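Okay, structure first, notes after.
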Amino acid sequence: MIDFEKFAAYSKPGPRYTSYPTAVEFHNNFSSKEYIENLQLSDEKYAHIPLSIYAHLPFCRSACYFCGCNVVYTSKEDKKTRYIEYFKKELALLADKTNTKREVVQFHFGGGTPTFFNAAELQEVIESIRAVFPNFSPNAEISCEIDPRYFTQDQMQVLHDGGFNRLSFGVQDFNPKVQEAVHRHQSPELVQKAVELARKFGIDSINFDLIYGLPFQNLESFRQTLDTVLELSPERLAIFNYAHVPWMKKTMRKIDESTLPSPQEKLQILKQSIEVLGSAGYEMIGMDHFAKKTDELYRAKIQKQLRRNFQGYTTKGFSQTIGIGLTSIGEGVEYYAQNYKDMTMYEKAIDNGILPTERGIKLTQEDRLRKSVIMELMNTLSLDFSHAQQEFGIHFSDHFARELALLAPYQEAGLIEVSNNAITTTQTGGMLIRNIAMCFDAYLQDTTQQKRFSKTI
């Protein structure tokens, strides 16, 4: 059983570890030139590794105050048309600089609101990607984030024809008072129609995103949201802890902080969610995902084949991510690269025939070692020392003597077990996996860095 009182005692700022090093370590010295060098190195050295494509469609009509994504707000159609043209130019630059014929095992549309683009626009983007990256695996995971407020049958037809087999619906909360406070109005009936439309086109892997810790949420109201979710029966759920960081996201300043649930209330909402979903047949995956036992995400957990990246947990093994579009992030074995967040700079680079890379990082051997350790912890809630020892030629207990000492309080509290060759977490310890992984984060030795992250609980 999860000891929630013990769990609550460990709240402190920390990364979510969708990458290591985390994005705050990316720097401007890693430019288009360095990105191209690393793309070409990957083609030579890691050609056997398949590709994952992340396409960022950044536009939203209006702001959802809880959102921490990189978004451009607009109601102008010509901005979308212009963006597609530059998106296609970026694809052409990629085709000239790297081998785009490698197998693609994952493709994800993120935003923004991808379905803010109409059916014809979505089709144009999909066709342009497939023209440059023609070698999609028959078993590729092809997914799109969906805003139920902007989702039509024509769009679903385009996604179906494009091979999409997973959809993720932004739900957050069904309570009208909560929706009003975060400027996101969508009824259960609207979401139900969106789900029915997806099912009509054969989509059998649907995810709902929920958030706990939003204004006016309480145990009773969130239980009602969960009951409605269970009636709609998605295969997966991602239930995120709301990270209130108004110093980073201006739209969050519109939220009245006095209406936010207390840390104790948030903890009770989380506890209730785990119990309700568990009773309904959902298994907890990692620290914030849930899946039915019939879903491949659950099977991947059991087989220890989960992988965590910027899109959350995935069933695919490691793949080299090619990020396309404003703010998108790419990942290789030895690097991360991120495009410009500013539209003017993004367009200027492309106009000059340069890939629009603003920043990134070249991983050292030590970075790669720690990434391997941290990601194994995040993916399996455990760590087998032999994996790092075999891959990197170290003696784990000697190399990480300091880190193992940092873990001692967790061991004494009964949150983890440490043997001569492994770390395993208890159920409560698994909920604290971010905290445990932080012990291996070399960049957090500077405690001022921790202030740049939301709290782990």
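Nothing here was measured: the structure is a model prediction, and the numbers come from that model. Only this structure's heavy atoms are used, side chains among them; waters, hydrogens and symmetry mates stay out.
- With ring centers used as reference points, Y298 lies 6.0 Å or more from Y282.
- Ring geometry for F440 against F396 counts as tilted: the plane angle lies between 30° and 60°, on a 0 to 90° scale.
- Counting non-hydrogen atoms of neighbouring residues, nucleotides and ligands closer than 6.0 angstrom, the CD atom of Q40 exceeds 12 such neighbours.
- Ring geometry for Y335 against F30 counts as parallel: the plane angle stays under 30°, on a 0 to 90° scale with 60° as the upper cut.
- T380 places no side-chain N or O within 3.5 Å of a backbone atom of L377 that could act as its donor or acceptor partner.
- Between P356 and M345, every side-chain heavy-atom pair lies at or beyond the 4.5 Å cut-off.
- Side-chain atoms of S221 and N175 form no donor-acceptor pair, as typed in the model, at a separation below 3.5 Å.
- Between E34 and K362 there is no salt bridge, since no side-chain nitrogen of the basic residue lies less than 4.0 Å from a carboxylate oxygen of the acidic one.
- Of all heavy-atom pairs between D204 and R199, the closest is CA-NH1, 3.5 Å.
- Q338 and R359 form a side-chain donor-acceptor contact under 3.5 Å, judged by distance and modelled atom types alone.
- Between D43 and R102 there is a salt bridge, since a side-chain N of the basic residue sits under 4.0 Å from a carboxylate O of the acidic one.
- Note on ring orientation: taking the six-membered ring where Trp is involved, the planes of F169 and F208 are perpendicular (angle over 60°, cut-offs 30° and 60°).
- Counting only heavy atoms from C-beta outward, the side chains of Y443 and T22 never approach each other to under 4.5 Å.
- Partner R184 forms a salt bridge (charged side-chain N to carboxylate O under 4.0 Å, His left out) with one of D173, D209, D147 and no other, that one being D147.
- Other residues, nucleotides and ligands place no more than 12 heavy atoms under 6.0 Å from the CG atom of N420.
- Cation-pi contact between K371 and Y20: absent, since separation from the ring centre below 6.0 Å together with deviation from the ring axis within 45° is not met.
- At least one donor-acceptor pair under 3.5 Å links the side chain of D367 to the backbone N or O of T364.
- Side-chain atoms of L326 and N339, non-hydrogen and from C-beta on, never get closer than 4.5 Å to each other.
- Counted within 6.0 Å of CD on Q303, heavy atoms from surrounding residues, nucleotides or ligands total more than 12; the atom is thus considered enclosed.
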